[in-house]
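Below: one structure, written as structure tokens.
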Amino acid sequence: MNDDWHMLAEEERLFCDVLTRICADEIAPRAAETDETAAFVHDQLAVLGQAGMMGANLPEEYGGGGISAPALLRAVAIVAAACGSTASALTAHYLATDSILIGGSDAQRHEWLPRAATGEALGAFALTEPTAGSDPADMKTRARRTDDGWHLKGTKCFISNGGVADFIVVYAVTDPDKGHRGISAFILPKGTAGLEPGPAERTMGLKGGHVFTLNIDCQLPHDAILGDEGRGFRTAMQVLDNGRIEVAAQCLGLAGAAMDAAIAYAKDRVIGGQPLTERQGIRWMIADMGVAYRSALLLSQDAARQRQAAHDGAGGRFSLASAMAKLAASEAAGRIADTALQLHGGYGYTRDFPIERINRDLRIMRIYEGSSEIQRIIISGNMLA
Ligand SMILES: CC(C)(COP(=O)(O)OP(=O)(O)OC[C@H]1O[C@@H](n2cnc3c(N)ncnc32)[C@H](O)[C@@H]1OP(=O)(O)O)[C@@H](O)C(=O)NCCC(=O)NCCSC(=O)CCS(=O)O
């Protein structure tokens, strides 16, 4: 059998092995209950904090794990295979900390990232608005200078972790005449007067990873602006280049779990005196799942490798690779989970098997952090440039 993760360093393999054990012992056993109760995954994130996962995306200088992008891909997939809700809350936290890492000053990085890396401070990333989802440059949230600093006013929606986070990175318009160059990012700490999260949305899946509307009418100090004024849109786009690979990782974890469950079921289930695996139709399903999974894995690893190369000094964008990975992995994962459910027959439709939950958890992957249609726009734009 090929070693799919041959590119990882020895210590990264050990990190992933330990994480796999921790997820199997402490996170996976709670996934079905989390889905039933829809309780936020606080405890699971605390476990990940202990395991070093809350800062795995950050350099050691800021208290992070400093692991490579391919290792991060593998690690997020491991968490997602155990519990989709936990992986989604984790990667939303990464969007917030990546915003500070990419867009913040060194003082802001040192102030926020070490606490975020341990899990002591949970982050959220507030870009989307009710009338600006696919086109965030059209956002309406306004930040105005005041004598005391900044006044932020607007509404953000579909913000993972938003109502429970210790800090929220909010993107807002500082100069409406400058289009996307008039957007800046701000750090909004929990408890700021005028920050009012709505109730958690009632979602189809990822029920333990809550999503909120945020009503914002807040006064912030001068130093709440992240880095330079007017650089927020670029920061958000760079953060999403990373984030889309993490969505691909979630897809690999969830789809891999569905495929493994389907294979185990097909081996175990005897019909007419024969296991399901003796049936050609079932074998074709297994082959199709395997091809879809591997295609998604290879594109995701390619995107992670390009992310690492950019980080190591080659510079440049990896938006094309990231968009391809997200599109391929989210679409493949949807097909894999659907095939895995079909293979289970009526049992797959019940809550007695994890396949039903995985199908619901996966549906958002084709929508958040840029829908499949947005990924196609980015991909074709790059191909035609
Ligand atoms: C589809 C889009 C990429 C198109 O964006 P625009 O057409 O508005 O922007 P451009 O004209 O392409 O570029 C404007 C500006 O930005 C710079 N840019 C663009 N991409 C990048 C990048 N990857 N890295 C760095 N800089 C970038 C570009 O050079 C231009 O700069 P200058 O003018 O030259 O200075 C975009 O609209 C898009 O991505 N849409 C999807 C938005 C999305 O994914 N939203 C999801 C939000 S988060 C979420 O869903 C989950 C959150 S959670 O779980 O809580």
Side-chain angles (χ1 to χ4, degrees), residues 41 76 84-99 102-103 122-139 141 156-165 167-171 173 175 178-185 197 200-201 203 205-206 208-214 228-248 250 303 306-307 310-311 315-324 326-327 330 361 363-382 384-385:
V41 289
V76 171
S85 293
T86 305
S88 187
L90 169 72
T91 54
H93 173 73
Y94 288 168
L95 294 176
T97 55
D98 272 355
S99 295
I102 292 168
L122 181 67
F125 171 83
L127 181 70
T128 301
E129 299 187 359
T131 59
S134 288
D135 182 12
D138 195 32
M139 68 176 60
T141 297
K156 297 287 178 180
C157 63
F158 301 129
I159 309 305
S160 298
N161 303 346
V164 291
F167 67 97
I168 304 168
V169 176
V170 179
Y171 290 83
V173 176
D175 187 343
K178 289 191 176 161
H180 63 260
R181 292 186 187 165
I183 291 173
S184 307
E201 298 288 349
T203 52
L206 298 178
H210 297 177
V211 204
F212 299 84
T213 291
L214 302 175
D228 296 331
E229 188 176 338
R231 288 198 59 85
F233 188 78
R234 275 170 165 251
T235 298
M237 292 299 112
Q238 286 175 270
V239 168
L240 287 169
D241 282 346
N242 287 345
R244 288 169 183 151
I245 304 176
E246 282 139 24
V247 176
Q250 293 178 68
Q306 290 194 35
R307 173 179 174 179
H311 178 266
R317 290 185 193 167
F318 48 92
S319 316
L320 173 61
S322 169
M324 282 189 172
K326 198 230 174 217
L327 177 64
S330 61
D361 283 354
R363 188 61 187 85
I364 191 64
M365 305 293 160
R366 281 178 268 168
I367 300 172
Y368 72 4
E369 299 199 35
S371 63
S372 289
E373 292 70 29
I374 287 293
Q375 304 316 316
R376 289 186 176 98
I377 286 173
I378 295 170
I379 293 164
S380 57
N382 274 269
L384 294 168

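Counting starts at 1 for both ligands and their atoms, following the listed order.
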heavy-atom search around atom 48 (S) of ligand 1 in the protein gives Phe125 CE2, 3.7 Å
Point-to-point distance, once rounded to the nearest 0.5 Å, from CD of Glu369 to CD of Gln375: 9.0 Å
Heavy atom of protein closer than 4.0 angstrom to atom 4 (C) of ligand 1: no
Mark whether atom 7 (O) of ligand 1 lies under 4.0 angstrom from at least one protein heavy atom. no
Compare all side-chain heavy atoms of Asp241 with those of Arg307 and state whether any distance is below 4.5 angstrom. no
Which of these, Met237, Arg234, His180, Arg317, has its nearest heavy atom closest to atom 28 (C) of ligand 1? Arg317
Non-hydrogen side-chain atoms of Asn242 and Phe318 separated by less than 4.5 Å: yes
At under 4.0 Å between heavy atoms, is it the side chain or the backbone of Phe233 that contacts ligand 1, or both, or neither? side chain
Closest to atom 32 (P) of ligand 1 among protein heavy atoms sits Arg181 NH2, 3.3 Å
Could you list which atoms of ligand 1 come closer than 4.0 Å to a heavy atom of Leu240? 43 (C), 44 (O)
Give me the nearest non-hydrogen protein atom to atom 1 (C) of ligand 1 as residue plus atom name, then the distance to 0.1 Å. Ile374 CG2, 4.0 Å
Would you mind listing which atoms of ligand 1 come within a distance below 4.0 Å of any non-hydrogen atom of Pro136? 37 (O), 40 (N), 42 (C)
Counting only heavy atoms from other residues, nucleotides and ligands, does the tally under 6.0 Å from OH of Tyr368 exceed 12? yes
Which residue and heavy atom of the protein sit nearest atom 50 (O) of ligand 1, plus the separation: Glu369 N, 2.7 Å
Roughly how far apart are Met324 CE and Arg376 CZ, rounded to 0.5 Å? 12.0 Å
Can you pull out the closest protein heavy atom to atom 23 (N) of ligand 1? Residue, atom name and distance to 0.1 Å, please. Asp241 OD2, 2.8 Å
Yes or no: does Gly133 have any heavy atom under 4.0 Å from an atom of ligand 1? yes
Determine, counting only non-hydrogen atoms of the protein, whether one lies under 4.0 angstrom from atom 45 (N) of ligand 1. yes
Residues Leu127, Leu240; criterion side chain to side chain contact (heavy atoms under 4.5 Å, CB included); working and verdict: CA-CA 11 Å; Leu127 181 70; Leu240 287 169; 4.0 Å; yes
Provide the number and element of each atom of ligand 1 under 4.0 Å from a heavy atom of Tyr368. 50 (O), 54 (O)
Check the pair Ile364 / Gln250 against side chain to side chain contact (heavy atoms under 4.5 Å, CB included), numbers first and verdict last. CA-CA 11 Å; Ile364 191 64; Gln250 293 178 68; over 6 Å; no
Check: Ser319 N/O within less than 3.5 Å of ligand 1 N/O: yes
What atoms of ligand 1 come within less than 4.0 Å of a heavy atom belonging to Phe158? 55 (O)
For the aromatic rings, using the six-membered ring if either is Trp, is the centroid distance between Phe125 and Tyr171 under 6.0 Å? yes
Ile159 heavy atoms, cut-off 4.0 Å: which ligand 1 atoms fall inside? 55 (O)
Which atoms of ligand 1 have any heavy atom of Ser160 under 4.0 Å away? 53 (S), 54 (O), 55 (O)
Taking atom 39 (O) of ligand 1 as the point of reference, which of Glu373, Gln375, Arg244 owns the nearest heavy atom? Arg244
Out of Leu206, Leu95, Ile102, Thr128, whose heavy atom sits nearest atom 52 (C) of ligand 1? Leu95
Hey, is atom 10 (P) of ligand 1 touched by any protein heavy atom at less than 4.0 Å? no
What atoms of ligand 1 come closer than 4.0 angstrom to any heavy atom of Gln238? 24 (N), 25 (C)
Could you name the option among Gly243, Ser134, Gly370 that has the heavy atom nearest to atom 40 (N) of ligand 1? Ser134
Flag side-chain contact, heavy atom, 4.5 Å: Leu320 against Ile379: yes
